[in-house]
Amino acid sequence: MTDQKNHESLGEAVPQILSVTTYQTVGPYFKIGLEAIYRDDLTKPDIPGQVIEIAGTVFDADLTPVPDAVLELWQADSFGRYMDQPQKKPFEDSFGFGRVPTNEAGRFRVRTIKPGAVQAETSARQAPHILVSIFMRGLLYRLITRIYFSDEPGNGEDPVLRSIEPRRRDSLLAKADPAQPHRYEWNIFLQGENETVFFDL
C-alpha cells in the first residue's frame with residue numbers, strides 16, 4: 001500500500017508532495033513580450049564617446065541564420081564605468097543596456113558608444129568589451145558571452161580573454177571594418193567548429 005493510501009485509510013489529510021518537473025525550453029512566442037522594450041540605439045546626447053555600430057548574424061550548428069534570437073547587451077560608458085543600479089531607473093533613461101532581435105536573415109545591428117577599459121578585481125584593467133546574453137527558442141538557459149574589439153591594443157592583457165584557449169579568442173572579437181569607420185562585424189555561432197565562446201556564470 002502506498003503512503004497516500006495509508007493516509008487515506010486512516011482518515012488523515014493527504015500530504016501534498018510536489019515533484020520536480022523537467023525544464024522547459026523557451027517557446028516560439030517568447031519575443032512577443034520583449035518587442036516593446038527593444039532598443040538598438042544606446043547612444044544618448046549627454047553620453048560622450050565614440051559612436052560605433054556593431055552588426056552580425058546568429059548562426060545555428062548547420063550555419064543556418066537564426067531569425068528569432070534576441071541579444072541583450074550591457075556595457076560600461078567610454079570611461080569604463082557601469083551605470084549604478086540601472087534597474088531602478090526607467091529603461092529609457094539608462095545608458096548601457098540594450099535588447100536587439102535578429103531579423104528574418106538572422107542579422108542584428110546595434111548603435112552605441114564604444115566602452116572604455118573596465119577596472120578588474122585585480123590591478124589589471126579589462127579591455128573594452130560588451131556583455132551579451134542570447135535568448136532564443138529551444139534554449140533552456142540564456143547564453144552568455146562578450147564582444148571585444150579587434151583594434152584594441154589592451155586585448156592581450158585582458159584577464160578574461162587570456163583565460164580562453166588562444167584559437168578560440170577570435171570568436172569574441174568584433175572585426176573593425178576598414179571600409180566603414182567605427183563599424184564592426186561580429187557573428188555568433190551557437191555550435192560547431194567555430195562555436196562562439198560562452199561562459200558559465
Side-chain angles (χ1 to χ4, degrees), residues 34 37-56 58 69-100 108-135 139 141-178 180-190 194-201:
L34 300 177
I37 50 177
Y38 285 161
R39 188 181 182 196
D40 62 4
D41 188 347
L42 281 62
T43 62
K44 293 171 67 71
D46 58 340
I47 301 294
Q50 178 187 32
V51 176
I52 61 171
E53 179 181 292
I54 304 169
V58 179
V70 174
L71 279 62
E72 198 170 87
L73 306 114
W74 177 229
Q75 68 164 91
D77 64 14
S78 60
F79 301 103
R81 302 172 304 196
Y82 283 98
M83 179 169 284
D84 293 332
Q85 299 180 313
Q87 69 276 12
K88 293 186 176 180
K89 298 182 178 181
F91 180 81
E92 294 78 10
D93 290 342
S94 300
F95 172 76
F97 183 81
R99 186 177 281 138
V100 295
F108 67 89
R109 185 198 70 85
V110 61
R111 184 170 182 264
T112 187
I113 302 293
K114 192 173 185 181
V118 177
Q119 184 65 53
E121 292 181 357
T122 64
S123 59
R125 293 181 72 83
Q126 295 186 34
H129 66 276
I130 297 175
L131 307 173
V132 182
S133 291
I134 302 164
F135 302 87
L139 290 180
Y141 305 103
R142 62 177 174 154
L143 299 174
I144 301 171
T145 186
R146 288 184 169 202
I147 303 173
Y148 287 87
F149 302 94
S150 62
D151 53 356
E152 281 294 331
N155 288 341
E157 305 303 320
D158 184 272
V160 176
L161 271 179
R162 287 170 60 89
S163 71
I164 298 170
E165 189 179 356
R167 70 176 182 83
R168 301 194 63 201
R169 292 175 188 168
D170 276 357
S171 71
L172 301 184
L173 296 182
K175 308 294 191 302
D177 185 344
Q180 300 183 64
H182 313 313
R183 185 182 186 282
Y184 294 85
E185 180 82 9
W186 182 64
N187 297 316
I188 300 169
F189 297 90
L190 299 174
N194 299 317
E195 181 179 315
T196 299
V197 170
F198 300 110
F199 300 97
D200 293 324
L201 297 179

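Note that the CZ atom of Phe199 and the OG atom of Ser133 stand 11.5 Å from one another [nearest 0.5 Å]. Distance check: Gln50 CD to Thr112 OG1 gives 11.0 Å after rounding to the nearest 0.5 Å. One finds the CZ atom of Phe95 at 10.5 Å from the OH atom of Tyr82 (value rounded to the nearest 0.5 Å). For the atom pair CG (Asp158) and NE2 (His129), the distance works out to 7.0 Å, reported to the nearest 0.5 Å.
Counting heavy atoms from C-beta outward, Tyr184 and Ile147 have side chains that stay 4.5 Å or more apart. Between Val51 and Ile113, some side-chain heavy-atom pair lies under the 4.5 Å cut-off. Side chains of Val110 and Leu71 form no contact here, defined as non-hydrogen atoms less than 4.5 Å apart. Side-chain contact between Phe149 and Trp186 is absent, with no heavy atoms from C-beta onward closer than 4.5 Å. Put simply, the side chain of Ile188 does not reach to within 4.5 Å of the side chain of Thr145, judged on heavy atoms. When side chains are defined from C-beta on, Leu42 counts as touching Gln75, because their heavy atoms get closer than 4.5 Å. You'll find the side chain of Leu190 reaches within 4.5 Å of the side chain of Val58, heavy atoms only.
Scored by the side-chain hydrogen bond (donor to acceptor under 3.5 Å, both in side chains) test, Thr43 finds Asp41, Arg111 as partners (sequence neighbours excluded). In this view, Phe189 and Phe59, Leu63, Asn187, Asn194, Thr196 satisfy the side chain to side chain contact (heavy atoms under 4.5 Å, CB included) rule, not counting sequence neighbours. Every residue was checked against the side-chain hydrogen bond (donor to acceptor under 3.5 Å, both in side chains) condition with Glu195, not counting sequence neighbours, and none meets it. The salt bridge (Lys or Arg N to Asp or Glu O under 4.0 Å) check on Glu53 picks up Arg109, Arg183, with sequence neighbours excluded.
Atom CG of Asp46 has more than 12 neighbouring heavy atoms from other residues, nucleotides or ligands inside a 6.0 Å radius.
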Name each donor-acceptor pair under 3.5 Å that joins a side chain in residues 169-178 to protein atoms two or more places apart or in another chain, with its distance.
residue: Arg169; atom: NE; partner: Leu161; partner atom: O; Å: 2.9
residue: Arg169; atom: NE; partner: Ile164; partner atom: O; Å: 2.8
residue: Arg169; atom: NH2; partner: Arg162; partner atom: O; Å: 3.2
residue: Arg169; atom: NH2; partner: Ile164; partner atom: O; Å: 3.1
residue: Ser171; atom: OG; partner: Arg168; partner atom: O; Å: 2.8
residue: Ser171; atom: OG; partner: Val197; partner atom: N; Å: 3.2
residue: Lys175; atom: NZ; partner: Asp170; partner atom: O; Å: 3.4
residue: Lys175; atom: NZ; partner: Leu173; partner atom: O; Å: 3.3
residue: Asp177; atom: OD1; partner: Ala179; partner atom: N; Å: 2.9
residue: Asp177; atom: OD2; partner: Gln180; partner atom: NE2; Å: 3.2

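Considering every non-hydrogen atom in both Pro48 and Phe79, the closest pair reads CG-CE1, 3.7 Å. Closest approach of Pro115 to Ile130, counting heavy atoms only: CG-CG1, 4.0 Å.
Side-chain atoms of Asp40 do not come within 3.5 Å of backbone N or O of Val100 as any donor-acceptor pair. The main-chain N or O of Ala117 is found under 3.5 Å from a side-chain atom of Arg125 such that the two form a donor-acceptor pair.
Evaluation of the salt bridge (charged side-chain N to carboxylate O under 4.0 Å, His left out) test over residues 71-81, restricted to residues two or more places apart or in two chains, returns Glu72-Arg99, Asp77-Arg81.
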